[in-house]
Amino acid sequence: MTAFPEKLNKPYEPANTEARIYKLWEESGFFNPDNLPARHQEPFTIVMPPPNANGRLHAGHGLTIALEDIMTRYQRMQGKKALWVPGADHAGFETQVVYEKKLEKEGHSRFKMDRKELYDEIMAFTLESKKHMEADVKALGASCDWSREKFTLDPSVVSEVQETFRKLYRDNLVYRGYRTVNWCTKHQTSLSDVETETVEKNDKLYYIKYGPFTVATVRPETIFGDVAIAVNPNDARYKEFIGQTVEVQHPEGKLSLVVIGDEEVDPEFGTGALKITPAHDHNDFRMSETHKLSRVEVIDQFGKLNDKTGKYAGMKVAEARIKVVEDLQTLELIEKIEDYAHAVPTCYKCDTTIEPRVMPQWFVKMAPLAKLASDAVRDGKIKFIPDNFEKIFLYWMDNTMDWNISRQIVWGIQIPALVCRSCNVGVLYEETIEGSECNCGGTFVCDTDTFDTWFSSGQWPLLALGYPKSQDLSFYPTDVMETGRDLIFKWIPRMVIFGLYLKGEVPFRTVYLHGMVNDKHGKKMSKSKGNVVAPNELTGKYGADALRIGLVIGNTPGNDIALAEDKIKGYKHFCNKIWNASRFVLTNTTGTTLDTPRPALTPRDEEILTELNTAIISITAHYENFRFHLAGEELYHYFWNTFADIIIEEMKPRLLGDDEVSKKAGEWVLLTILVVNIKMLHPFIPFITEELWEMLPKENKQLLIIEPWPKPF
RNA sequence: GGGAGAUUAGCUCAGUUGGUAGAGCAAUUCGUUUACACCGAAAAGGUCAGAGGUUCAAGUCCUCUAUCUCCCACCA
């Protein structure tokens with residue numbers, strides 16, 4: 001009856017079993033909900049946040065995969081029609097940056113390459129990297145349905161994303177605006193607000209004598225683009241000047257500037273008088289709209305001063321600033337210079353200071369869409385775990401600005417639009433033909449810009465389920481969106497908005513946000529610090545099971561986790577404990593199988609079963625309420641400290657004794673507890689539990705992955 | 001300038017609805033008991049940041065303070 005002992009070699013070696021078990025699952029087809037037994041009716045759906053296809057998985061992905069697989073496996077065993085859709089993200093700007101670095105190393109530059117050539121090269125690179133990423137996901141034991149895998153550049157996805165743009169355009173929710181955008185002078189593209197990072201900088205605040213005023217500025221080099229001086233309308237010092245035109249001097253000549261009164265000017269700051277440069281400052285730009293001011297561009301796309309600046313033309317901003325200040329000092333126009341600490345937006349990828357530029361770009365009108373999302377959340381249609389993220393979400397939705405969705409890079413989904421070469425107006429590609437004439441007399445040409453990555457990934461829950469036609473939309477709205485807490489702004493709001501806008505339903509009912517996975521001292525992992533721990537190294541060393549349970553236990557939602565290798569090692573010991581306890585039970589209960597009816601039990605046996613029931617109820621409740629760290633901990637302690645240390649030890653004399661009745665009862669109790677534990681541990685440590693399940697004595701046994709969840713006895 | 005989180009054993013962290021503190025790792029002592037030394041047994045270790053308050057009862061709820069971390073922010 002027992003074919004197992006040879007297999008139960010000691011100690012447990014994950015490397016020998018994981019690949020084999022994963023293959024077994026894949027071949028069973030049970031990752032695909034369509035193949036599950038008929039009793040699995042009610043859907044449970046998670047759409048995987050698509051990892052970037054440009055590299056391998058990092059530790060944060062490990063936690064994502066672990067948590068989502070725990071949820072999926074649990075719900076599958078609970079009899080749900082469980083679907084977990086995997087994916088891969090082309091990650092537009094991110095990938096382009098990765099590839100540019102590669103080109104730089106090889107002495108190339110994307111700016112010297114043909115569009116198509118560059119796109120094809122990045123595509124080849126991405127598709128190759130994608131394979132490694134997928135292998136990492138599989139190595140972690142992810143029970144996702146690979147037959148439904150989507151890539152954000154699949155043709156069907158691309159056309160649907162473009163269709164969404166057309167719909168927004170027709171609904172007057174997307175427009176081509178001529179506004180200041182966040183321009184990265186290194187990467188030569190605009191960036192959305194969430195793609196910039198503000199860093200504290202110590203600069204100087206220059207007080208410049210400016211006609212009858214003294215103005216305070218950190219950017220004297222933009223003086224050539226000044227069109228006005230702004231003061232607060234209630235400021236008694238300057239009131240009389242409002243509406244007048246004053247003459248001011250700068251190193252290259254004189255300017256006539258109108259004095260405007262604007263409530264936004266803080267009389268307390270600096271001198272209370274402010275120079276207005278609409279082409280190079282977000283705030284000044286807005287005032288220029290209110291007061292109908294002209295805009296004079298003096299800095300070009302490379303961050304150099306242009307020919308409107310006389311002798312400064314061609315200088316970079318930093319250099320020009322020094323020169324202009326020197327020359328102003330010579331002219332005795334600098335009143336004083338103060339040290340000034342302030343926050344400056346930079347490109348989140350290269351730290352280059354963002355140069356605000358006025359450019360024609362596509363924008364999504366956020367206010368009406370954000371309202372859809374915040375209303376849905378206020379109505380309780382989406383639950384946040386932990387719940388304080390609801391407040392953060394709502395604050396952001398109530399204070400949103402229009403979203404710049406056009407990027408001047410080739411790697412991404414092209415915007416289906418035509419723009420006029422002379423007046424820069426934009427129209428839909430399908431409505432107007434390339435080369436036709438604009439009302440202004442100019443010619444329409446294809447817009448070469450691509451979408452912000454978050455424009456496509458924002459539609460991910462729908463796209464992953466084959467929107468708009470697929471039958472898989474019966475899985476929408478999905479149950480859980482599990483992702484890193486850093487995506488609360490970048491990604492979550494866009495998905496809620498697009499879900500509601502396109503389908504009229506929220507994309508998910510629960511948002512579960514995990515914290516960042518840091519190094520063992522709680523410090524952020526980074527390549528430069530050399531403290532990066534990759535999941536594939538840890539799975540190789542300790543096994544995927546140990547990594548999974550080690551990542552989840554002791555980690556509460558929303559809070560960061562310190563990933564100590566010793567901890568993972570500790571859980572490898574736990575796996576070994578399970579292995580050995582199972583070995584003992586299996587070799588000492590050969591007279592009993594899982595099909596043996598419940599024998600007469602001793603009072604102590606009944607007590608043990610009552611205790612087991614309590615554990616089942618408690619652990620199941622933890623699973624149901626997303627308290628996976630508690631489920632894991634309780635399983636750990638029940639198995640080790642109660643089952644192995646007490647119950648098994650207590651049973652030894654009975655198993656070795658002559659009382660056959662007592663022996664049979666003991667065998668039955670041990671096997672029963674073992675099976676319940678193997679099942680309840682399965683979502684955390686799927687490989688070792690499936691391997692052990694395979695060795696359990698039972699008639700007509702199927703895979704553990706579809707075994708029903710244990711119920712109290 | 002706003003907001004969130006954290007402050008519990010040497011280290012990293014749990015502690016779900018309030019009921020006299022827990023885990024992993026580390027450290028101590030003992031034990032080669034035929035599942036497991038990737039083990040077992042035993043012991044040690046914390047005025048739960050501080051101060052008030054509510055309560056029969058507070059690590060857990062309320063207020064304030066201190067320190068740290070992170071996020072958001074177009075006062076030049």
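Using a 4.0 Å heavy-atom distance criterion, A:Ala230 is classed as making no nucleic acid contact. Residue A:Met401 is in base contact, counting any heavy-atom pair closer than 4.0 Å across all strands shown. Using a 4.0 Å heavy-atom cutoff across all strands shown, A:Val215 reaches no nucleic acid atom at all.
Taking 3.5 Å as the limit, the base of B:C25 and the side chain of A:Lys567 contain no donor-acceptor pair of atoms between them. Between the base of B:A4 and the side chain of A:Glu390 there is no donor-acceptor pair shorter than 3.5 Å. Side chain A:Arg286 to base B:C74: a donor-acceptor pair is found below 3.5 Å.
One finds a side-chain N or O of A:Lys577 lying less than 4.0 angstrom from the OP1 or OP2 phosphate oxygen of B:G40. Considering only side-chain N and O atoms, A:Thr556 lies under 4.0 angstrom from the phosphate OP1 or OP2 of B:A14. Phosphate proximity of B:A4 to A:Lys391: present, with a side-chain N or O under 4.0 Å from OP1 or OP2. The side chain of A:Trp640 places an N or O atom within less than 4.0 Å of a non-bridging phosphate oxygen (OP1 or OP2) of B:G40. Under 4.0 angstrom from either OP1 or OP2 of B:A76 there lies at least one side-chain N or O belonging to A:Tyr340. Considering only side-chain N and O atoms, A:His342 lies nowhere under 4.0 angstrom from the phosphate OP1 or OP2 of B:A73. Phosphate contact (OP1/OP2 of B:C36, side-chain N/O of A:His573, threshold under 4.0 Å): absent.
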Requested in this report: Decide yes or no on salt bridge (Lys or Arg N to Asp or Glu O under 4.0 Å) for A:Glu355 and A:Arg357, but give the supporting numbers first.
Outcome: CA-CA 6 Å; A:Glu355 189 60 58; A:Arg357 292 183 77 215; over 6 Å; no
**Report entry** Test log, rule side chain to side chain donor-acceptor pair (under 3.5 Å), inputs A:Thr483 and A:Trp491
**Finding:** CA-CA 10 Å; A:Thr483 189; A:Trp491 194 32; over 6 Å; no
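A:Glu624 places its CD atom 14 Å from the C1' atom of B:U16, with the value rounded to the nearest Å. For A:Asn580 and B:A35, the CG to C1' distance is 5 Å, given to the nearest whole Å. Atom CG of A:Asp645 and atom C1' of B:A41 are 10 Å apart (whole Å).
B:G22 and B:C13 make up a base pair, with Watson-Crick or G-U wobble contacts both under 3.5 Å. B:C64: Watson-Crick or G-U partner is B:G50, with both key distances under 3.5 Å. If you check B:C74 for Watson-Crick or wobble pairing at under 3.5 angstrom, you find it has no partner at all. With both pairing distances under 3.5 Å, B:U69 is matched to B:A4 as a Watson-Crick or G-U wobble pair.
Taking both residues in full, the closest heavy atoms of A:Pro267 and A:Arg237 are given as O-NH2, 3.2 Å, listed atom of the first, atom of the second, then distance.
In the displayed structure, A:Tyr340 atom OH is contacted under 6.0 Å by more than 12 heavy atoms of other residues, nucleotides or ligands.
For the segment residues 557-565 of chain A, residues with any heavy atom less than 4.0 angstrom from an atom of RNA chain B are, sorted by number, A:Asn559, A:Ala562.
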